[in-house]
Amino acid sequence: MTTIERTSILAVDTVSSGISWGAIFGGAAAAASLSLILLILGVGLGFSAMSPWASMGASATAIGVSSIVWLTFTQIAASGVGGYLAGRLRTKWATVHTDEVYFRDTAHGFIAWSVATLATAMLLGSVVGDVVSGGAKAAASGGTAAAGMIVAAGNHQGMSTAATAQSGTAGVTGNDGAIGYTVDTMLRTDPTAAEIPGASDPRLRVEAGRILVQDLRTGVLLPADRQYLSQVVAKNTGIPLGDAEKRVDTAFNNAMAAINKAELAARQAADSARKATVYASIWMFVALLMGAFVASLAATFGGRTRDGVRHVPL
């Protein structure tokens with residue numbers, strides 16, 4: 001090589017950029033495409049291992065571990081290919097020091113991985129968002145599960161009986177909650193001294209249901225409500241007042257136990273979803289970190305191979 005040619009190469013290397021964007025985008029496109037292909041394959045394999053029938057198919061633990069392993073493999077394979085191509089396809093820096101070449105190759109692999117990751121995140125952003133927000137939504141819903149069940153029970157009680165109630169009581173058999181309960185307490189009469197509707201009358205069922213819903217919200221059956229319901233039950237069923245009180249207590253305690261059990265199940269489900277979100281986030285972070293490392297390392301191999309290629313004259 002003549003002095004003029006060496007000087008010309010030195011001038012070009014001095015003023016040219018240290019980034020070969022064409023090689024980076026090429027490696028990123030290859031990495032993103034391979035990630036998508038492997039992801040689709042992983043989804044297919046996952047569904048093939050699942051079964052809606054009991055005692056068939058892989059367990060939830062096996063599927064979770066397999067998903068983590070496959071995600072890690074996808075990141076390593078796709079990032080390795082993308083990084084290698086980014087290093088192999090970049091321009092040759094003839095006059096750059098070896099340490100600088102090594103740094104540039106590492107940077108090419110890392111940038112190619114970054115571009116591929118951002119492109120994949122834009123395509124699959126909704127899926128990642130669902131994974132991250134799923135635990136938060138479940139945790140928030142678990143804390144209000146009991147209240148939601150009580151409200152739903154009250155609404156169902158009002159809606160199911162309003163259609164058959166008389167027109168004069170239809171306005172207070174709807175979703176009025178505490179207001180309807182307050183009206184009932186103001187208009188409440190002594191069941192032992194007054195003529196009250198029979199047990200089949202929807203007005204009585206609506207009133208009793210509203211009393212129970214209101215007390216279930218607080219978790220305490222008020223003495224006045226207990227006495228009134230016991231008197232109503234005793235008069236409509238003909239049983240002694242003491243037996244009616246036991247029946248009311250049993251019904252309230254059973255309803256409260258069912259609500260507590262449902263709340264506990266909801267909290268356990270929320271806690272499981274929270275733990276699953278934590279594990280998924282941590283392993284996604286680990287897999288992405290491994291992908292960044294493999295892409296950077298593979299780019300150095302590709303760069304060394306690129307620099308070792310000799311021009312063969314035709």
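Start at 1 with the first residue, then count along the sequence.
Hydrophobic clustering (ILVMFWY, side-chain heavy atoms < 4.5 Å, transitive): Val248 and Ile259 are in one cluster. Linking ILVMFWY side-chain heavy atoms closer than 4.5 Å, directly or via other members, places Ile68 and Leu38 in two distinct hydrophobic clusters. Phe110 and Ile19 sit in two unconnected hydrophobic clusters of ILVMFWY residues. Membership requires side-chain heavy atoms under 4.5 Å apart, directly or through other members. No path of Ile, Leu, Val, Met, Phe, Trp and Tyr side chains, each step under 4.5 Å between heavy atoms, connects Tyr84 with Leu89, placing them in separate hydrophobic clusters.
Partners of Lys275 under the salt bridge (Lys or Arg N to Asp or Glu O under 4.0 Å) rule, at least two apart in sequence or in another chain, are Asp271. Partners of Asp243 according to the salt bridge (Lys or Arg N to Asp or Glu O under 4.0 Å) rule, which considers only residues two or more places apart in sequence or in another chain, do not exist here. Residues satisfying the side chain to side chain donor-acceptor pair (under 3.5 Å) test with Asn253, not counting sequence neighbours, are none. For Glu100, the side chain to side chain donor-acceptor pair (under 3.5 Å) partners two or more places apart in sequence, or in a different chain, are Arg104.
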Side chains of residues 283-299: which donor-acceptor pairs under 3.5 Å do they make with residues two or more places apart or in other chains?
residue: Ser296; atom: OG; partner: Ala292; partner atom: O; Å: 2.9

Output side-chain donor-acceptor pairs under 3.5 Å for residues 26-34, partner residues at least two apart or in another chain, one line each.
residue: Ser33; atom: OG; partner: Ala29; partner atom: O; Å: 2.8

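How far CG of Leu229 is from CD1 of Ile211: 4.5 Å, rounded to the nearest 0.5 Å. For the atom pair Leu216 CG and Asn260 CG, the distance stands at 9.5 Å (nearest 0.5 Å). To the nearest 0.5 Å, atoms CD (Gln227) and CG (Leu221) are separated by 11.5 Å. A distance of 4.0 Å separates CZ of Arg226 from CG of Asp249, quoted to the nearest 0.5 Å. Going from atom CG of Leu71 over to atom OG of Ser67 covers 8.5 Å, rounded to the nearest 0.5 Å. One distance of note links CG of Leu36 with OG1 of Thr74; it measures 10.5 Å at 0.5 Å rounding.
In summary, the side chains of Ser20 and Thr91 do present a donor paired with an acceptor at a separation below 3.5 Å, with no hydrogens or angles considered.
Between the side chain of Asn254 and the backbone N or O of Thr250 there is at least one donor-acceptor pair closer than 3.5 Å. For the pair Thr218 (side chain) and Asp215 (backbone), a donor-acceptor distance under 3.5 Å is present. Within the 3.5 Å criterion, the main-chain N or O of Gly46 finds no donor-acceptor partner in the side chain of Trp70.
Each of Lys92, Arg90, Arg306 was checked for a side-chain contact (heavy atoms from CB on, under 4.5 Å) with Val101, and the lone residue meeting it is Arg90.
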Evaluate Tyr228 against Glu207 for side-chain contact (heavy atoms from CB on, under 4.5 Å), listing each step before the verdict. CA-CA 11 Å; Tyr228 176 74; Glu207 181 185 12; 3.1 Å; yes
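Across every non-hydrogen atom of Ala244 and Ser230, the tightest pair is CB-O, 3.3 Å. Between Phe252 and Val220, the shortest heavy-atom contact is CZ-C, 3.8 Å.
You'll find the side chain of Phe301 stays beyond 4.5 Å of the side chain of Arg88, heavy atoms only. In this structure, Trp21 and His108 have side chains that are not in contact, with every pair of non-hydrogen atoms separated by 4.5 Å or more.
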